[in-house]
Amino acid sequence: MSHPLSAEEIEIQAKARAIVDELIPYEVEAEMNGGRLPDDARERAEKLIREAGFEAINMPKDLGGGGFTSLQQVLVQEQVGRATNALAWLIHTPASWLPHVATDVQMERWVLPTIRGELRECYAITEEGAGSDVDSIQATARREGEEYVLNGVKWHVTSFNHSEYVFFQAKLTEGPHAGEHAMFVMDVDTPGIRVVRVPEYSHTIDHHHAILAFEDVRVPATHRIGDEGDGMHFAYEWFRYERLMIAARCCGAMDRLVTEATAFAKDRIVGGEPLVERQAIQFMLADSLSELWASRLMTYRTAREIDEGVDVKIQHAHCSIAKLFVSEAAGRVADRCVQIFGGRGYMRENVAERFFRELRVERIWEGTSEIQRIIIADQLAKRGVEALAGNGE
Ligand SMILES: Cc1cc2nc3c(=O)[nH]c(=O)nc-3n(C[C@H](O)[C@H](O)[C@H](O)COP(=O)(O)OP(=O)(O)OC[C@H]3O[C@@H](n4cnc5c(N)ncnc54)[C@H](O)[C@@H]3O)c2cc1C
């Protein structure tokens with residue numbers, strides 16, 4: 001066992017695993033079909049997710065969410081990561097930062113229906129010339145009386161095709177906070193929102209990444225989230241959350257890859273011997289298992305310390321470390337597993353081939369590896385080795 005788990009945590013892990021095991025047989029069909037699940041499989045999985053209480057597991061219980069601890073969420077997301085083609089994204093986690101800043105109107109219109117599983121959201125933040133350096137965004141928000149007029153072109157808006165509302169970040173053009181950022185929420189069918197195009201990406205998933213134009217989109221001031229000048233500042237908690245959950249999903253992917261590659265290596269006979277007897281293959285499997293073990297320990301430990309309430313700056317650094325290390329380890333594991341499968345590993349019907357493409361983005365989104373290194377080095381300079389990698393005293 002990588003980490004001692006309570007009976008309740010083991011039960012949650014087993015329930016999540018059972019749901020994902022139902023989805024895995026549909027991977028190849030989805031791969032050949034734009035990432036789409038057959039309707040009956042989707043409906044069945046959605047029913048299992050509801051029955052398991054896995055809707056909005058990251059939202060507070062008093063709002064109708066699951067109120068899961070960080071470690072419980074990691075256990076679920078690790079299983080989500082075992083399926084390719086994002087099939088297990090059916091286990092949806094809404095914006096957990098939103099209830100802290102949402103007005104009563106926003107709670108009724110967006111937050112509560114999302115927790116009930118009726119609505120889904122997407123994020124329009126990145127632009128052609130602004131990703132890592134989000135401060136360079138060109139999108140604008142101009143105040144006109146009780147409304148804002150929004151303009152800008154946003155890239156990579158994930159899940160736009162499955163969303164009812166969108167978060168939009170822009171710079172204010174005037175007033176005391178001119179030049180600063182503000183965040184807005186609006187329904188995706190608000191007049192002035194236009195799909196410019198829907199590019200193809202390396203992975204085959206049913207969540208598209210649209211390029212969206214916001215052209216003189218008028219929203220009431222009640223659609224602003226937080227205050228003028230806040231931008232995404234209130235969402236740092238979300239970055240920590242998403243980075244840790246990326247690490248969790250990558251652990252699941254690595255687990256699946258090592259399991260499948262080991263089974264193949266035992267089965268495949270070369271020169272009269274199973275492949276697994278060949279030292280070159282053993283080394284690749286040994287390195288992969290070692291990286292899985294290290295990744296899982298790091299991810300579980302980081303989740304546990306969030307639940308224990310350690311200093312938030314330390315949490316922030318550790319989530320970056322987990323995202324950096326585990327996403328890069330997962331890339332190495334996928335590469336080795338393609339090699340172990342040989343020619344089969346280059347076929348889209350092979351799990352290693354799909355993960356080889358799909359895991360690449362884990363080093364890019366929610367802050368690239370380079371950005372994580374900048375965060376980690378900054379924390380190291382400020383706090384020192386003992387605070388970040390010592391015994392926590
Ligand atoms: C599949 C996918 C889905 C996405 N979904 C969304 C979404 O839903 N909503 C959304 O708003 N965005 C989304 N993104 C955008 C994503 O967050 C950005 O792509 C990411 O933050 C990197 O920004 P960029 O693409 O502009 O790269 P750039 O910022 O242009 O970076 C290019 C390279 O330069 C490096 N670099 C940048 N700055 C530095 C620095 N200071 N020092 C050293 N190296 C640096 C980067 O690490 C990278 O290697 C998505 C992206 C992808 C690929």
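Indexing begins at 1, ligand by ligand and atom by atom, following the structure's order. We number each residue from 1, following the sequence as shown.
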Geometric class of the Trp365/His203 ring pair [parallel <30°, tilted 30-60°, perpendicular >60°]: tilted
Connected via hydrophobic side-chain network under 4.5 Å: Trp238 and Ile246: no
Side-chain heavy atoms of Trp110 within contact of Val185, under 4.5 Å: yes
Any donor-acceptor pair under 3.5 Å from Glu29 side chain to Leu37 backbone: no
Positive for ring-ring contact (aromatic ring centres under 6.0 Å, His included) with Phe184, one of Phe167, Tyr148, Tyr123, Phe214: Tyr148
Candidates Ile211, Ile137, Val196 - the one meeting side chain to side chain contact (heavy atoms under 4.5 Å, CB included) with Lys154: Ile137
Polar pairs, ligand 1 vs protein, N/O only, below 3.5 Å.
residue  : atom   : partner : partner atom : Å
ligand 1 : 5 (N)  : His156  : O            : 2.9
ligand 1 : 5 (N)  : Thr158  : OG1          : 2.7
ligand 1 : 8 (O)  : His156  : O            : 3.2
ligand 1 : 8 (O)  : Thr158  : N            : 3.0
ligand 1 : 8 (O)  : Thr158  : OG1          : 3.3
ligand 1 : 9 (N)  : Tyr123  : O            : 2.9
ligand 1 : 11 (O) : Ile125  : N            : 3.0
ligand 1 : 11 (O) : Thr126  : N            : 2.9
ligand 1 : 11 (O) : Thr126  : OG1          : 3.1
ligand 1 : 12 (N) : Thr126  : OG1          : 2.7
ligand 1 : 23 (O) : Ser132  : N            : 3.3
ligand 1 : 26 (O) : Gly131  : N            : 3.4
ligand 1 : 29 (O) : Ser132  : N            : 3.0
ligand 1 : 29 (O) : Ser132  : OG           : 2.6
ligand 1 : 47 (O) : Thr368  : OG1          : 2.6
ligand 1 : 47 (O) : Glu370  : OE1          : 2.6
ligand 1 : 49 (O) : Glu370  : OE1          : 3.4

